Every structure is written in C-alpha cells, then in structure tokens.
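Heavy-atom basis, side chains included; hydrogens, waters and symmetry copies ignored. Numbering of ligands and ligand atoms starts at 1, following listing order. Since the model is a prediction, treat every value here as computed from it, not as a measurement. By convention here, the first residue in the shown sequence is residue 1.
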Amino acid sequence: MAESSFVCHVCGQTHEGVPPSFAADFPDMYAGLSEADRGSRALISSDQCIIDEQWFFIRGCLEIPILEHDDVFLWGLWASVTEEVFNEISASWEEEGRERRLAPFKARLANSLSVYPETLNLKLRIVIQPLRTRPVFMLEEEHPLAAAQKSGMSRVEATELAANLLHMLGPWSKTPQ
Ligand SMILES: [Zn+2]
C-alpha cells in the first residue's frame, strides 16, 4: 500500500493517493458574497483578492510538519493585509531575489477552518518565497493550529484530518500540488 493511501476512519474505505493538502478557493469574505456582489464589489485572481477597494487578501501556504516523515500537511489559505502590504507584495510579484529583500509582513488569517477552533483573524506573518512560489504563513498567536504548525502532527493525525476534510461539505477543494 502506498504511503499516501489509508483506511478512512469516516467511511471505512481505502482512499488512494490523497494529498495531505487542502485549499480554500477564496477568502471567507469573498465566499460570503452573492454572485452579483462578487461581480460588482470584488476583484479576484488565483492569488490576490480585493473587496470594496478596502479589503485586501493574499493567498499563501500554511505548512504543518508531519512527524517522522519528510512531508508536510499543506493548507492553501488566504490572509488579509493592509493596502500598503498588498501593494508591496504585488510590486515584487516578478522580482528575482524578492525573498531576500522583503521582511515578513503582518497579516491575519482570512479563512475559518471548521476542523479547528475559530481561525479567522488569527495573527500571522507572511514570509515571501522565491519567484513562482506562494508565500508561507506563520501563525503568531496561541492556537491549536499554531501549536500544530510549531510541533507538527503524526501521520495518523494527518490522515484523520484529511479524511474529515474529504467528507466535509464546504468550500474546501482537494488540491494536488
Ligand atoms: Zn472516507
């Protein structure tokens, strides 16, 4: 059995090749807008979102190390930032070596992860990565998700989390990386 397949504690089936990776397609604020409001009030791309010309969001990755495996559980999430930070990150989109020039930016998590106590608005810092790599989110306040990011989780915990997310209805998409 490949390491990425596992017997699911929710449905009892074996899931093959489930990547330990889940993504929020949108910031929650955008997800909560009607279709009409999305069209008239918001701008969105795969990595950036602006609502009402006053709410600014950047997409990034929050990694949880999987203990005793050279692997991570990857959350693709959105963070809210100030307009200044949004503009600075946007200006460096194509900049070689940007990860060495830019210090981490303050931000707040823009997604509620239903498998954890409330995560919306958790303080984090955005760490800019080399070209064509999404920024990394590092949580900065005490929270079970922050504890997991700091200390990692076991393979069993990771597969349980993946199974819960697979079977959950909601705005989550499974994203092979
Ligand atoms: Zn299952």
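- Residues Trp93 and Asp47 have side chains in contact (heavy-atom distance under 4.5 Å, counting atoms from C-beta outward).
- Proximity of the aromatic rings of His9 and His167 is defined here by a centroid distance below 6.0 angstrom, and this criterion is not met.
- Between Trp75 and Phe73, a ring centre-to-centre spacing shorter than 6.0 Å is recorded.
- Listed by chain and residue number, the protein N/O/S atoms under 2.8 Å of the Zn ion (ligand 1) are Cys8 SG, Cys11 SG, His15 NE2, His167 NE2, with waters left out.
- Val10 belongs to no hydrophobic cluster with other residues, because no ILVMFWY side-chain heavy atom falls under 4.5 Å from its own, directly or through intermediates.
- In terms of the side chain to side chain contact (heavy atoms under 4.5 Å, CB included) criterion, residue partners of Lys123 (sequence neighbours excluded) are, by chain and number, Arg108, Glu140, Glu141.
- Residues meeting the side-chain hydrogen bond (donor to acceptor under 3.5 Å, both in side chains) test with Ser92, sequence neighbours left out: none.
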